[in-house]
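Keep in mind that what you see is a predicted model, and the values were worked out from it rather than measured.
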Amino acid sequence: QVQLVESGGGLVQAGGSLRLSCAASGHTFSWYAMGWFRQAPGKEREFITTITWGGTYTYVADSVKGRFTISRDSAKSTVYLQMNNLKPDDTAVYYCAASRTGWQYDKYTYWGQGTQVTVSS
């Protein structure tokens, strides 16, 4: 059974940093990519970044480029999202997701429960 468990969310002041973690279990050897999405109240879910399981390709949305960095530790089956220079607009529930078929936004079929990130001004 596949499980994705996020951690590291919380409340931070604007300009601060947080690091989210996503620990995966269950048949991770066949995954193509793991990524992060976020959803703010009243807004659609946004695909913000992903990394292929082999680490050869990353995608970062323009909205977070230069501030957010994705990385993975395949030995620990864990993906990280380092978020720097956070802004109030980054406030959202952040979801980890995994894909077996591609890195694009519509390829993710496994999801974590989400972790809240709140950035105060």
S.K.: Do Ser99 side-chain atoms and Gly102 backbone N/O form a donor-acceptor pair below 3.5 Å?
M.R.: yes

S.K.: Calculate, to the nearest 0.5 Å, the distance between atoms CG and CZ belonging to Asn84 and Arg67 respectively.
M.R.: 9.0 Å

S.K.: A cation-pi test, strictly: NZ or CZ of Arg45 under 6.0 Å from the centre of the six-membered ring of Trp111 and no more than 45 degrees from its axis. Yes or no?
M.R.: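 Positive - Arg45 is close enough to the ring of Trp111 and near enough to its axis.
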
S.K.: Can you tell me if Arg72 uses its side chain to pair, donor with acceptor, with the backbone of Trp53 under 3.5 Å?
M.R.: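 Yes.
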
S.K.: To check you understand the geometry: which heavy-atom pair defines the closest contact between Ile70 and Gly35, and what is its length?
M.R.: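 Heavy atoms only, the tightest pair is CD1-CA, 4.3 Å.
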
S.K.: Taking all non-hydrogen atoms of both residues into account, name the closest pair between Leu4 and Ala24 and its distance.
M.R.: CD2-CB, 3.5 Å

S.K.: Might you point out which heavy atoms bring Ser121 and Ala14 nearest each other, and give the distance in Å?
M.R.: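 Nearest heavy atoms, Ser121 then Ala14: CA-CB, 4.4 Å.
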
S.K.: Nearest 0.5 Å, what's the CD1-OH distance between Ile51 and Tyr80?
M.R.: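 It is 12.0 Å, given to the nearest 0.5 Å.
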
S.K.: Can any side-chain N or O of Thr52 pair as donor or acceptor with the backbone N or O of Tyr57 at less than 3.5 Å?
M.R.: yes

S.K.: Hey, could you give me the NZ/OG1 distance between Lys107 and Thr101, rounded to the nearest 0.5 Å?
M.R.: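 Between atom NZ of Lys107 and atom OG1 of Thr101 there are 5.0 Å.
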
S.K.: Is Glu6 reaching over with its side chain to a backbone N or O of Gln113, donor-acceptor style, under 3.5 angstrom?
M.R.: yes

S.K.: Any side-chain donor paired with an acceptor under 3.5 Å for Thr78 and Asp73?
M.R.: no

S.K.: Let me confirm one number: the CD-CZ distance from Gln116 to Arg38, rounded to the nearest 0.5 Å.
M.R.: 12.0 Å

S.K.: Between Thr50, Thr49, Ile48, which is the residue that forms a side chain to side chain contact (heavy atoms under 4.5 Å, CB included) with Val60?
M.R.: Thr49

S.K.: List for me each residue that meets ring pair (Phe, Tyr, Trp, His ring centres under 6.0 Å) alongside Phe47, sequence neighbours excluded, and say none if there are none.
M.R.: Phe37, Tyr59, Tyr108

S.K.: I need the Met34 CE to Cys22 SG distance, nearest 0.5 Å.
M.R.: 3.5 Å

S.K.: For residues Leu86 and Leu18, report the shortest heavy-atom separation together with the two atoms involved.
M.R.: CD1-N, 3.9 Å

S.K.: May I ask whether Val93 and Val64 are part of the same hydrophobic cluster, defined by side-chain heavy atoms of I, L, V, M, F, W, Y residues being less than 4.5 angstrom apart, directly or through others?
M.R.: no

S.K.: If the threshold is 4.0 Å, N to carboxylate O, is there a salt bridge linking Asp90 and Lys87?
M.R.: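 Answer for the salt bridge query: no.
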
S.K.: What do you reckon, are the aromatic ring centroids of Tyr94 and Trp36 less than 6.0 Å apart?
M.R.: no

S.K.: For Lys65, I'd like to know if atom NZ has over 12 heavy atoms of other residues, nucleotides or ligands within 6.0 Å.
M.R.: yes

S.K.: Group every Ile, Leu, Val, Met, Phe, Trp and Tyr by side-chain heavy-atom contacts under 4.5 Å, then state whether Val117 and Tyr95 land in the same group.
M.R.: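 No, no single cluster joins them.
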
S.K.: Taking transitive links into account, so neighbours of neighbours count too, which hydrophobic residues share a cluster with Val5 at under 4.5 Å side-chain distance?
M.R.: none

S.K.: Please tell me whether Val79 and Tyr105 are part of a single hydrophobic cluster in this structure, the criterion being side-chain heavy atoms less than 4.5 Å apart.
M.R.: no

S.K.: Do Ser17 and Gln82 have side chains that approach each other closer than 4.5 Å (heavy atoms only, starting at C-beta)?
M.R.: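 With C-beta onward as the side chain, the pair touches.
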
S.K.: Establish, yes or no, whether the cationic atom of Arg100 lies under 6.0 Å from the six-membered ring centre of Tyr32 and within 45° of the ring axis.
M.R.: no

S.K.: From Gln39 CD over to Glu44 CD, what is the distance, rounded to the nearest 0.5 angstrom?
M.R.: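 Taking CD in Gln39 and CD in Glu44, the distance rounds to 8.5 Å.
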
